[in-house]
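Here the structure is laid out as structure tokens; the discussion comes afterwards.
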There are 2 protein chains.
Amino acid sequence: MTRVLIAEDQTMVLGALAALLALESDMEIVATAGDGLEALEVLEREPIDVLITDIEMPRLTGLDLAERLKEQAGAPAVIIVTTFGRPGYLRRALEAGVRGFLLKDAPAEKLADSVRRVARGERVIAPELALSAWDGGNPLTQRQRDVLRLAGEGLSTRDIGTRLHLAEGTVRNYLSEAIGALHAANRIEAFRLARQNGWL
Amino acid sequence: MTRVLIAEDQTMVLGALAALLALESDMEIVATAGDGLEALEVLEREPIDVLITDIEMPRLTGLDLAERLKEQAGAPAVIIVTTFGRPGYLRRALEAGVRGFLLKDAPAEKLADSVRRVARGERVIAPELALSAWDGGNPLTQRQRDVLRLAGEGLSTRDIGTRLHLAEGTVRNYLSEAIGALHAANRIEAFRLARQNGWL
DNA sequence: GATCGAATCTGACAAATGTCATGGTGCAGT
DNA sequence: ACTGCACCATGACATTTGTCAGATTCGATC
């Protein structure tokens with residue numbers, strides 16, 4: 001009997017996924033969690049074989065969760081199930097020792113199948129992403145990311161400078177570099193590209 | 001026996017929702033669809049009592065689908081199930097004669113319950129949104145929306161002008177108006193605000 | 001310890017963006 | 001027919017944003 005924990009912030013999707021796996025006679029849904037912190041609490045008091053988790057959740061994301069578990073002995077095998085196949089996400093997940101990485105676009109049957117594989121020690125990576133993981137890392141430096149993230153919220157150059165304790169010219173420079181690195185035309189496009197690729 | 005059709009582009013979520021409703025003995029999942037057009041095809045050849053649909057889907061969105069069905073006689077009752085509780089979405093849905101509007105944040109049991117209610121002719125609106133529907137309509141004019149949408153993709157003023165056959169000054173003017181109408185500081189913030197509220 | 005490269009900062013200048021004043025068109029109410 | 005009002009459209013002007021050349025720091029390599 002494989003003991004499963006599911007973490008997902010959209011309650012309806014969480015319930016639906018639980019219903020889906022509950023149909024499998026060799027699995028037991030021990031508990032469900034609405035975010036990463038709840039999942040950690042469950043893990044403290046229950047032995048879990050496989051943790052299925054979304055990435056984008058409040059308080060603690062699935063990636064942060066996986067990174068924390070990597071340190072611990074006796075941690076469960078982790079399967080990430082996400083909407084967004086951003087290369088940066090997959091890369092980070094692999095570095096966190098995640099054993100499965102699936103897209104919500106994949107057929108539903110794939111999930112139970114993946115749980116069994118991962119429980120056996122295998123790895124399961126969404127095939128459409130398997131290649132993209134190694135086409136280079138993040139093209140942005142730390143500062144470029146900082147600045148671009150704030151620009152994406154609609155802050156002006158001046159406000160970004162104030163927030164990061166930088167001169168306006170410096171902020172513009174980082175933005176310009178980021179725009180160049182991403183082959184974008186302006187800060188808006190640069191932000192969209194970086195976001196799409198999980199580089200922020 | 002209530003005959004149900006589900007439209008949702010994330011295959012795994014689709015499968016999970018189907019599994020969830022299949023547990024109910026008084027419902028039959030007649031078919032599932034990956035987008036709005038597929039749903040229309042099914043509706044042509046199968047009698048359906050209740051259509052459950054996501055909003056953001058490729059090719060034909062759930063809102064467009066609902067608007068088309070409004071015209072037709074013998075159309076099914078429609079329940080929208082969406083991630084985003086944007087006021088503009090709810091307003092448009094209500095105008096399209098939708099009978100249910102739920103968030104994916106709602107508990108899973110709520111779904112089967114809602115299907116039964118709308119099948120009986122009742123309306124089901126996510127309580128946290130019921131109020132927000134009437135706090136004023138869309139503050140943007142058609143042209144402001146057009147321009148803002150393109151600006152949000154990262155196009156320059158010049159490119160937007162070319163695309164819409166407008167002078168650059170005109171484009172800047174609409175953007176300026178939109179920025180003012182939304183109390184934003186620049187086009188980026190304006191885009192974010194408009195998007196969050198479903199005004200695009 | 002000299003050299004190189006990468007990342008962090010900055011200001012001057014050019015280009016794009018935001019504001020404002022103005023005019024045109026169509027439509028509802030008088 | 002006239003008035004008021006909302007929306008569409010434009011160009012002149014001021015401000016913000018993007019580019020570029022260069023200075024500084026710090027760690028890796030020879």
Side-chain angles (χ1 to χ4, degrees), chain A residues 88 91-92 135-200, chain B residues 88 91-92 95 134-200:
Chain A
R91 173 173 278 258
R92 231 183 115 189
D135 63 350
N138 193 325
L140 300 175
T141 70
Q142 183 59 46
R143 272 327 211 187
Q144 289 166 8
R145 270 198 297 278
D146 295 342
V147 166
L148 195 52
R149 201 168 9 229
L150 292 175
E153 316 237 333
L155 294 195
S156 68
T157 309
R158 179 194 308 276
D159 291 343
I160 297 172
T162 305
R163 195 82 80 86
L164 299 178
H165 308 291
L166 291 175
E168 282 192 48
T170 309
V171 174
R172 281 203 290 280
N173 176 250
Y174 287 137
L175 245 4
S176 182
E177 285 175 9
I179 290 165
L182 301 174
H183 307 291
N186 54 48
R187 55 178 71 188
I188 306 181
E189 194 184 352
F191 176 74
R192 290 179 68 91
L193 287 172
R195 184 153 177 60
Q196 267 178 21
N197 287 292
W199 287 329
L200 289 181
Chain B
R91 173 173 277 259
R92 229 182 117 190
E95 281 164 6
W134 297 112
D135 63 351
N138 193 324
L140 300 175
T141 70
Q142 184 58 47
R143 273 324 210 189
Q144 289 167 7
R145 269 198 296 279
D146 295 343
V147 166
L148 196 51
R149 201 168 10 229
L150 292 175
E153 315 239 332
L155 293 196
S156 68
T157 308
R158 179 194 308 275
D159 291 342
I160 296 172
T162 305
R163 196 82 80 84
L164 299 180
H165 308 292
L166 291 175
E168 283 192 49
T170 309
V171 173
R172 281 203 290 279
N173 176 248
Y174 288 138
L175 280 173
S176 182
E177 285 175 8
I179 289 165
L182 300 174
H183 307 290
N186 54 47
R187 55 177 72 189
I188 307 181
E189 194 184 351
F191 176 74
R192 289 178 68 90
L193 287 172
R195 183 152 175 61
Q196 267 177 21
N197 288 290
W199 288 328
L200 289 180

Using distance only, find each side-chain donor-acceptor pair of residues 161-172 of chain B under 3.5 Å and give its atom names and separation, not counting sequence neighbours.
{"from": "B:Thr162", "atom 1": "OG1", "to": "B:Arg158", "atom 2": "O", "distance (Å)": "3.1"}
{"from": "B:Glu168", "atom 1": "OE2", "to": "B:Arg158", "atom 2": "NH1", "distance (Å)": "3.4"}

- Message: Using C1' atoms of five pairs at each end, report the bend of the helix from C:dG1-D:dC30 to C:dT30-D:dA1 rounded to 10 degrees.
- Response: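 Rounded to the nearest 10 degrees, the bend comes out at 30°.
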Roughly, in whole Å, what's the span from [atom1] in [X] to [atom2] in [N]?
X: A:Gln142; N: D:dC26; atom1: CD; atom2: C1'; result: 17 Å
X: B:Asp159; N: C:dA15; atom1: CG; atom2: P; result: 17 Å
X: B:Arg143; N: C:dG26; atom1: CZ; atom2: P; result: 15 Å
X: A:Leu150; N: D:dT17; atom1: CG; atom2: P; result: 13 Å
X: B:Leu140; N: D:dA6; atom1: CG; atom2: C1'; result: 14 Å
X: B:Glu168; N: C:dG18; atom1: CD; atom2: P; result: 12 Å
X: B:Gln144; N: C:dG18; atom1: CD; atom2: P; result: 14 Å
X: A:Ile160; N: C:dC9; atom1: CD1; atom2: P; result: 14 Å

- Item | Options D:dT10, D:dT17, C:dT8, nucleotide nearest the side-chain atoms of A:Thr157 |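 My answer, after comparing the listed nucleotides, is D:dT17.
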- Strictly below 4.0 Å, heavy-atom distances to any atom of DNA chain D: list the hits from residues 170-196 of chain B, or just say none.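 Nucleic-acid contacts, sorted: B:Thr170, B:Asn173, B:Tyr174.
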- Task: Count the heavy atoms of every other residue, nucleotide or ligand shown that sit under 6.0 Å from CZ of A:Arg195, and state whether that count exceeds 12.
- Result: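 Counting other residues, nucleotides and ligands, CZ of A:Arg195 stays at 12 neighbours or fewer.
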- Message: For A:Arg145, I'd like to know if atom CZ has over 12 heavy atoms of other residues, nucleotides or ligands within 6.0 Å.
- Response: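 Yes - once you tally the heavy atoms of other residues, nucleotides and ligands closer than 6.0 Å, there are more than 12.
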Looking at [X] and [Y], what are the two nearest heavy atoms and their distance?
X: A:Leu175; Y: A:Ala151; value: CD1-CB, 4.1 Å
X: A:Asp159; Y: A:Leu155; value: CB-CB, 4.2 Å
X: A:Ala184; Y: A:Ala190; value: CB-N, 3.5 Å

- Task: Give the intermediate values and the outcome of side chain to side chain contact (heavy atoms under 4.5 Å, CB included) for residues B:Leu148 and B:Leu182.
- Result: CA-CA 12 Å; B:Leu148 196 51; B:Leu182 300 174; 4.2 Å; yes
- Kindly indicate, with the supporting measurements, whether the criterion side chain to side chain contact (heavy atoms under 4.5 Å, CB included) is fulfilled by B:Phe191 and B:Leu200. CA-CA 9 Å; B:Phe191 176 74; B:Leu200 289 180; 3.5 Å; yes
- Message: Could you walk me through whether B:Thr157 and B:Arg187 satisfy the side chain to side chain contact (heavy atoms under 4.5 Å, CB included) test, starting with their C-alpha distance in whole Å, then the side-chain angles of each, then the deciding distance to 0.1 Å, before giving a yes or no?
- Response: CA-CA 11 Å; B:Thr157 308; B:Arg187 55 177 72 189; 3.0 Å; yes
- Query: Within the structure, does a side-chain N or O atom of B:Thr141 lie under 4.0 Å from either OP1 or OP2 of D:dA6?
  - Reply: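 Negative; the distance criterion is not met.
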